Amino acid sequence: MSEKSGIYPRWLWQAFALPGVVWLILLFLVPFYAVIGVAFGGVDPIFLIPVPAWNPLDWSAEAVIQTLSGFLPGGDYWAVFWRTTLYVAVALALCLLVGYPVAYYISRHARRTKSILLALLVLPFWVSYLMRMLAWVNLFAPSGYVNDFLAWSHILPDPPDWLNGNPVSVVLALVYGYIPYLILPLLAALDRIDKSLLEAARDLGASPARAFLHVTLPLSMTGVLGASVIIALPMFGDYYTPNIISGSPTTSMLGNQIDLFFHGGPQPQIGASLTLVLSLFLAVLMTYYMYSVARSTREVRDE
Amino acid sequence: MSEAVIARPVRVPSRGFGRRLRDWIANPWGRPRFLVLITWVYVISSLAPVVIAIQFSFNDGRSLTAWQGWGGARWYWEDPVNSVWHDPALQHALIQSLKLAGLDMLIATPLGVMLAIGLARWRGRAASASNFLMLFPLVTPEIVMGVSLSLAFLNVFTFIEPSTTAQMLGHVTFSLSYVVVIVRGRLFSIGRQYEEAAADLGATPWETLRLVLLPLLMPAVFSSLMIVFAISIDDFVISQWLSCGADCDTIPIRIYSATRAAPLPSINALASIMVYFTLAAVGISYLVFRFMTRGERPKGGEAGRGMVSQMGAFDV
């Protein structure tokens, strides 16, 4: 490593990083601390607005404990918590089921079509998420093309109401919305696998299926996990997809609860403690992802 | 899936469509048919709804679900009341979105480029901590960021009220990390030898930065500008949580409230305009990116790879 080849003065890089770091401290760390302060704070008895407690010594854990107990079986959030977890798990499984073969095909087999397929894969990134949800709503409306098709083809002579409390359409909309964010990192991970390892496996007599199972699949596992975390995290906090697709309390997710406490009712304190619990719940996933990113960055840096 | 995996990387001379179709009928399992099928079904079904939504922005009638004939630019500017051009709310949302995305681009990109350079080269415990901090906005669910920013503006930075300024601050906060990730990737791939050579030839640190490092970083800077624009114009959650009401409505907020009301095709026209904007931006950025990195690509077939690796910005 030629780190100490003093072309530049020693303080220069710190000076470069300073404005960005200050920005992140002021507008990322401080706001997160504000959530903690409000969650552990009290409520003004007259105006009923939350009074944040900035000093950890003044914290009252009442609201947070109450929120946490809501997650226990029979509690207020028990049902919504399991619904959210179930939706995210099913949506993630479907995303992988479709996404892995697509990424695998593009990485391994597509030759002349590779560039065009890549371009088509990237396109949804450039179309607003809300625009794609709007398109989805129009297609699934009672008089939309999907129901027209189902009635015309007699697959379902009496098509269901997709847009009102239908968990199937919420999960499918989640899949439709988030799958591009899964495929691209997966594709990058598959592309990174050294092809000579596969050739070695084949030269040593492995069948294509065995080569896939014993070489490609294990080597792509890190990519699969990383891509899954990338889409699972925002899905856990999603509230606009179920709102747009269903809008019914029977399909609401954790994000909807938080949204409700801030925008529907005057209980930001409970909302803040719910946000805190959600972040704690997701902290494991976040830590895993950041750890793996930090490790791969270190590898690149030390090369 | 097992039949599908014929992973031998052999070049096969290309054949005509008819021949391929005959081969396929003769032996449907010979090549990865299943993978081809699922890939194309996915690609088409991911884009078809958007294409249909754009089609309905040209609908002649007021329906979003039944095609009533070609209405031309009715919902764009011809309708004197409900078209995007004449409906003040829609027009305002378009301007607000562009304003936020533009400001975000101009603030987040320089800030992020400096942060990326600084973090890539500054060593020590504080640097590792900052590196870690920088990753947080990438993995934090947007609703958590929205809640925390709105509580911060309510309780800590009370001089900033929910407003365009607050929205802009929020947008910069979440786009900063994307810029850092993109620029850092480029920094690692160009290494340090160019700068060392410049220094050996007598360039001062300032000259090395300005004449060597900055030009080499230009493709990444440009990609950052485009990606910041795209994620900012796409953002719904942060804009909504820091919104000051109707005056702060962006296009995604408009679409969100329209889906629950009875929308007119003008909302599709508004959303389509955004698609046109971003597609134009992609086109331009693709050409510029190719121009800037010419000579760096091993061969022509790899075109677009760089763009994709830039797009998968999560992937470091």
Side-chain angles (χ1 to χ4, degrees), chain A residues 7-8 13-14 16-17 19-21 24 27-28 30-32 34-35 38 52 98 101-102 105 109 115 118 120 122 124-131 134-139 141 143-144 184-185 188 195 198 208-209 211-212 230 233-234 237 244 255 258 275 279 286 289-290 293 296-297 300, chain B residues 2 5-7 9 32 35 38-39 42-43 46 49-50 53 64-66 111 114-115 117-119 121-122 130 133 135 137 139 141-144 147-149 151-152 155-156 169 173 188 195-196 199 205 208 230 234 236 252 255-256 259 271 274-275 278 282 303-304 308 311-312 314-316:
Chain A
I7 309 174
Y8 301 103
W13 306 129
Q14 296 172 32
F16 262 54
V21 172
L24 286 175
L27 286 156
F28 188 81
V30 171
F32 194 75
V35 176
V38 171
V98 177
V102 170
Y105 173 72
H109 295 289
S115 298
L118 281 175
L120 293 175
V122 174
F125 271 86
W126 297 96
V127 179
S128 154
Y129 188 92
L130 267 287
M131 159 82 173
L134 172 73
W136 187 264
V137 168
N138 295 340
L139 280 180
S143 57
L184 278 192
K195 305 277 191 297
L198 262 167
F212 174 77
I230 287 171
L233 283 170
I244 290 174
I258 297 175
T275 311
S279 326
M286 294 187 195
Y289 184 65
M290 299 215 306
V293 169
S296 71
T297 314
V300 174
Chain B
S2 55
V5 189
I6 316 261
L35 292 178
I38 197 166
T39 302
Y42 163 71
V43 164
S46 78
V50 176
L64 281 174
T65 51
L111 206 61
M114 284 177 64
L115 183 59
I117 301 177
L119 287 183
R121 298 187 165 179
W122 165 32
S130 310
L133 171 65
L135 289 173
V139 294
E142 272 196 285
I143 191 168
V144 175
V147 169
S148 58
L149 280 166
L151 285 179
N155 296 304
V156 189
L169 292 172
T173 308
F188 287 145
E195 289 162 84
E196 278 160 14
T208 315
D234 189 16
F236 164 71
I255 297 177
Y256 180 75
T259 48
M274 211 157 62
V275 177
T278 41
V282 183
V308 170
M311 289 300 310
F314 291 111
D315 179 76
V316 179

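The sequence lines fix the lettering, A, B, ..., with proteins before strands; numbering per chain opens at 1. Just so you know, these numbers come straight off a predicted model, no measurement behind them.
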Can you tell me which portion of A/Leu120 sits under 4.5 Å from chain B's heavy atoms? Options are side chain, backbone, both or neither. both
Does any backbone or side-chain atom of A/Pro19 lie under 4.5 Å from a heavy atom of chain B? Answer side chain, backbone, both or neither. both
Which atom names give the shortest non-hydrogen contact between B/Leu149 and A/Leu27, and what distance separates them? CD2-O, 3.5 Å
With chain B as the partner, which of A/Val98, A/Val21, A/Leu134 has the greatest number of non-hydrogen pairs under 4.5 Å? A/Leu134
With a 4.5 angstrom heavy-atom cut-off, is it the side chain or the backbone of B/Tyr42 that approaches chain A, or both, or neither? side chain
How would you list, by chain and number, every residue that makes a side-chain hydrogen bond (donor to acceptor under 3.5 Å, both in side chains) with B/Asp234, sequence neighbours excluded? A/Ser128
What heavy-atom pair brings A/Ala211 and A/Leu198 nearest, and what distance separates the two atoms? CB-CD2, 3.9 Å
Answer whether the closest heavy-atom distance between the side chains of B/Arg121 and A/Tyr8 falls below 4.5 Å. yes
Identify which part of B/Val43 has an atom lying under 4.5 Å from any heavy atom of chain A, answering side chain, backbone, both or neither. side chain
Using non-hydrogen atoms and a 4.5 Å limit, figure out which bit of A/Val38 sits close to chain B: side chain, backbone, both or neither. side chain
Is the backbone of A/Trp126 close enough, under 3.5 Å, to the side chain of B/Thr278 for a donor and an acceptor to pair up by distance? yes
Heavy atoms only, distances under 4.5 angstrom: which of A/Leu130, A/Val137, A/Leu233 has the most pairs with chain B? Name it, please. A/Leu130
Residues forming a side-chain hydrogen bond (donor to acceptor under 3.5 Å, both in side chains) with B/Ser46, sequence neighbours excluded: none
Looking at B/Ala199, B/Ala230, B/Pro252, B/Ser130, which one has more heavy-atom pairs under 4.5 Å with chain A than the rest? B/Pro252
Measure the shortest side-chain to side-chain distance between A/Tyr129 and B/Phe236 over non-hydrogen atoms and say whether it is less than 4.5 angstrom. no
Partner chain A: residue of B/Leu111, B/Ile117, B/Thr173 with the largest heavy-atom pair count (under 4.5 Å): B/Thr173
